[in-house]
Novice: 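Before we start, here is the structure in question, set down as structure tokens.
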Amino acid sequence: MNAQGLFVSSVFASISFFLATPAACQSSPSAATSRAALGRASRPAVKDLPLRAAMPDPLVADGGQRVTTVDQWRQRREQMIQILEEYEYGHMPPPPGNVKGHEVASKPLMDGKVKYRLVHLTFGPEEKLGFDLGIFTPAETATVKGPFPTLITLSFGVNESAASRYQVALDRGYAVVLIGYQQLGADNPTYRKTAFFPAYPDYDWNDFSAWAWGISRCVDFLQADPLTDKSKIMAMGVSRLGQAVLLAGAVDERIALVAPVGGGMALRFSGKGRGNGQGIDEIVDQNTYWFGPRFAEFRGQTDKLPSDQHWLLALAAPRLFILCNALSDQYGNANAAAQTYLGAKSVYAFLGVPDNLGVNFRPGQHGMNATDWEAILDFADQKLLKRGGNRRFDQLPPAEQLH
């Protein structure tokens, strides 16, 4: 076998290991703590960062070395997470390691076709933290058997009345797990007094990080849930909740498919004078509690940001990722989303799985509709469940529509 063949074989062997052992892929508490300490100790002040007008290349390490092996990619991946934590999102606490679930209620819905469970999770210091999950699974019959591919979604509530909104996924054989996102951290300036924050006062994390961390605690619980196919856990969120899903999918390698809707627009192509929508200046002026505490330092100097949103897609590789956006999004712009997708393609190609990264644009404005649902579920059917199909997910709209 020639050198190129050996490299390709090495890539696929590594990919197979990462996908076959999802429970082992989440950072250990000691690794997460070490990463946070290293990131804080070694990163320069924002004023000392160089200007980077172009999207920072995920395959070029801090010292300028190009990634050419899978081992180098794993090192670069850790470096990228350190940078994102330091400048964009803040540092999350390590996994608590003591997540437990207590079933509060259970009942059949939709004429017995769906089972609903309300489960309360507890974890953290003295097991005093927690939140509720609304879990909807197809009812098991002689022909329908679990465990089921499972879609976690951040939402505004977890009660049984939400079932009808997710019927399209349930009808295709997916389980759906709802998390009321403000249980994970209030979506307002008082967030520091709510949810997880008081238990971890030494961590400089804000809402997006807390919401992403909460998704991972849900994944902790699902690892032991007999109705969950642990190799087929997905995460979906819309708008600001899509931003949290982007982060969760980047750092938690147990999530097999990541599907944000209306989020993930490249910051260098967003905001006044950069394509419109919300860029760094607009976000900092309106919602300082979403991103980490140092993010505000990039106001007026976006090109000093050492990362951009395409890194979050790249960090999910070689796992599955589909980015869904609208062509007339009033809070973003389609070109910024396209640039995010294009900026991550090199990593998926490098790892030998270019088709694992998908994109879908639709007419209309911000939010999620039936077209987005269809795209996500078609992508999951085809790529995750291997049900066949020939729909393509690598097509960008004509340039004149990307505005």
Side-chain angles (χ1 to χ4, degrees), residues 15-16 18-26 101 109-110 113-117 119 133-155 158 162-179 215-238 241-242 245-246 248-249 252-261 316-324 353 355-358 360 368 370 372-391 393:
I15 290 171
S16 297
F18 295 146
L19 295 182
T21 57
C25 291
Q26 188 185 34
L109 300 175
M110 297 181 177
K113 295 179 181 178
V114 173
K115 178 181 180 180
Y116 168 73
R117 288 178 288 159
V119 173
L133 304 176
I135 305 176
F136 303 87
T137 52
E140 293 191 290
T141 66
T143 57
V144 177
K145 296 289 184 181
F148 299 101
T150 299
L151 177 64
I152 301 169
T153 181
L154 295 178
S155 70
V158 301
S164 60
R165 297 201 301 272
Y166 302 96
Q167 185 170 355
V168 61
L170 293 163
D171 286 347
R172 291 208 197 187
Y174 294 86
V176 177
V177 179
L178 303 185
I179 303 173
I215 291 173
S216 287
R217 306 293 68 81
C218 174
V219 176
D220 290 344
F221 166 76
L222 294 177
Q223 298 301 297
D225 181 46
L227 292 178
T228 300
D229 185 334
K230 286 165 271 298
S231 69
K232 296 179 175 61
I233 293 175
M234 300 166 279
M236 188 273 289
V238 185
L241 308 184
V245 164
L246 275 165
D252 193 332
E253 295 183 80
R254 300 170 300 174
I255 299 172
L257 189 156
V258 188
V261 179
R319 292 169 288 131
L320 295 165
F321 196 110
I322 181 168
L323 186 68
C324 295
V353 288
D355 292 341
N356 281 10
L357 176 62
N360 189 75
M368 184 174 188
D372 299 307
W373 266 117
E374 182 180 31
I376 292 170
L377 294 175
D378 284 353
F379 186 76
D381 280 356
Q382 190 171 317
K383 308 291 185 180
L384 186 65
L385 303 189
K386 309 298 184 183
R387 289 176 173 172
N390 55 11
R391 180 171 177 177
F393 296 94

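By convention here, the first residue in the shown sequence is residue 1.
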Novice: Say whether, by atom type as modelled, one donor and one acceptor occur between the side chain of N356 and the main chain of P318 under 3.5 angstrom.
Specialist: yes

Novice: Backbone N or O of G146 within a donor-acceptor pair of the E140 side chain at under 3.5 Å?
Specialist: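 Here the side-chain-to-backbone pair exists.
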
Novice: Report the distance from atom CE of M234 to atom CG of L257, rounding to the nearest 0.5 Å.
Specialist: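 Interatomic distance, M234 CE to L257 CG, rounded to 0.5 Å: 6.5 Å.
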
Novice: Evaluate the criterion side-chain contact (heavy atoms from CB on, under 4.5 Å) for residue pair C324 and M368; output intermediate values, then yes/no.
Specialist: CA-CA 9 Å; C324 295; M368 184 174 188; over 6 Å; no

Novice: Considering non-hydrogen atoms only, spot the tightest contact between G173 and F148 and give its length.
Specialist: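 Closest approach of G173 to F148: O-CD2, 3.7 Å.
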
Novice: Less than 4.5 Å apart, side chain to side chain, heavy atoms only: is that true for N360 and L323?
Specialist: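 No. Closest side-chain heavy atoms not under 4.5 Å.
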
Novice: Apply side-chain contact (heavy atoms from CB on, under 4.5 Å) to residues E374 and V168 and explain how you reach the verdict.
Specialist: CA-CA 8 Å; E374 182 180 31; V168 61; over 6 Å; no

Novice: Can you see which heavy atom on V245 is nearest to which on A259, and at what distance?
Specialist: CG1-N, 4.3 Å

Novice: Under a 4.5 Å cut-off applied to non-hydrogen side-chain atoms, are R172 and R387 in contact?
Specialist: yes

Novice: What are the two closest non-hydrogen atoms of A163 and L109, and how far apart are they?
Specialist: CB-CD1, 4.0 Å

Novice: Starting at OG1 of T153, measure out to CZ of R165 and round the result to the nearest 0.5 Å.
Specialist: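 Output value for this atom pair is 9.0 Å.
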
Novice: If you round to the nearest 0.5 Å, how far is CE of M236 from CG of L241?
Specialist: 9.5 Å

Novice: I need the I255 CD1 to T150 OG1 distance, nearest 0.5 Å.
Specialist: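 Result: 12.5 Å between the selected atoms.
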
Novice: With side chain to side chain donor-acceptor pair (under 3.5 Å) as the test, would you mind laying out the steps for D381 and Y174 before giving the verdict?
Specialist: CA-CA 10 Å; D381 280 356; Y174 294 86; 2.5 Å; yes

Novice: If you take all heavy atoms of S231 and D229, which pair is closest and at what distance?
Specialist: OG-OD1, 2.7 Å

Novice: Would you mind reporting whether P147 and L227 have side-chain heavy atoms less than 4.5 Å apart?
Specialist: no

Novice: Using the side-chain contact (heavy atoms from CB on, under 4.5 Å) rule, take F393 and D355 through it: C-alpha gap first, then chi angles, then the decisive distance, then the call.
Specialist: CA-CA 8 Å; F393 296 94; D355 292 341; over 6 Å; no

Novice: Does the R391 side chain pair with the main chain of Q382, one donor and one acceptor, at a distance under 3.5 Å?
Specialist: no

Novice: For K232 versus A256, what's the shortest heavy-atom pair and its separation?
Specialist: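 Where K232 meets A256 most closely, the heavy atoms are CA-CB, 4.3 Å.
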
Novice: For the pair I233 and L222, evaluate side-chain contact (heavy atoms from CB on, under 4.5 Å) and give the outcome as yes or no after the intermediate values.
Specialist: CA-CA 9 Å; I233 293 175; L222 294 177; 4.2 Å; yes

Novice: State, with a plain yes or no, whether a side-chain heavy atom of I152 is found less than 4.5 Å away from one of I179.
Specialist: yes

Novice: Could you pull out the closest heavy-atom pair between A375 and I322, with the gap in Å?
Specialist: O-CD1, 3.9 Å

Novice: Can a salt bridge be assigned to the pair K383 and D378 using a cut-off of 4.0 Å between side-chain N and carboxylate O?
Specialist: no

Novice: Can you tell me how the ring of F136 sits relative to the ring of Y116, calling it parallel under 30°, perpendicular over 60° and tilted otherwise?
Specialist: tilted

Novice: Quick check: do L178 and Y166 have side-chain heavy atoms less than 4.5 Å from each other?
Specialist: yes

Novice: Any non-hydrogen side-chain atom of V114 less than 4.5 Å from a side-chain atom of P138?
Specialist: no

Novice: Can you tell me which residue among L133, T228, V177 is in a side chain to side chain contact (heavy atoms under 4.5 Å, CB included) with F221?
Specialist: L133

Novice: Answer yes when K230 and D225 have at least one side-chain N-carboxylate O distance shorter than 4.0 Å, and no when they do not.
Specialist: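 No, K230 and D225 are not salt-bridged.
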
Novice: Hey, could you give me the CG/SG distance between L154 and C218, rounded to the nearest 0.5 Å?
Specialist: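 If I round to the nearest 0.5 Å, the distance is 9.0 Å.
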
Novice: NZ of K113 to CD of Q167: how many Å apart, nearest 0.5 Å?
Specialist: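 One finds 7.5 Å between NZ of K113 and CD of Q167.
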
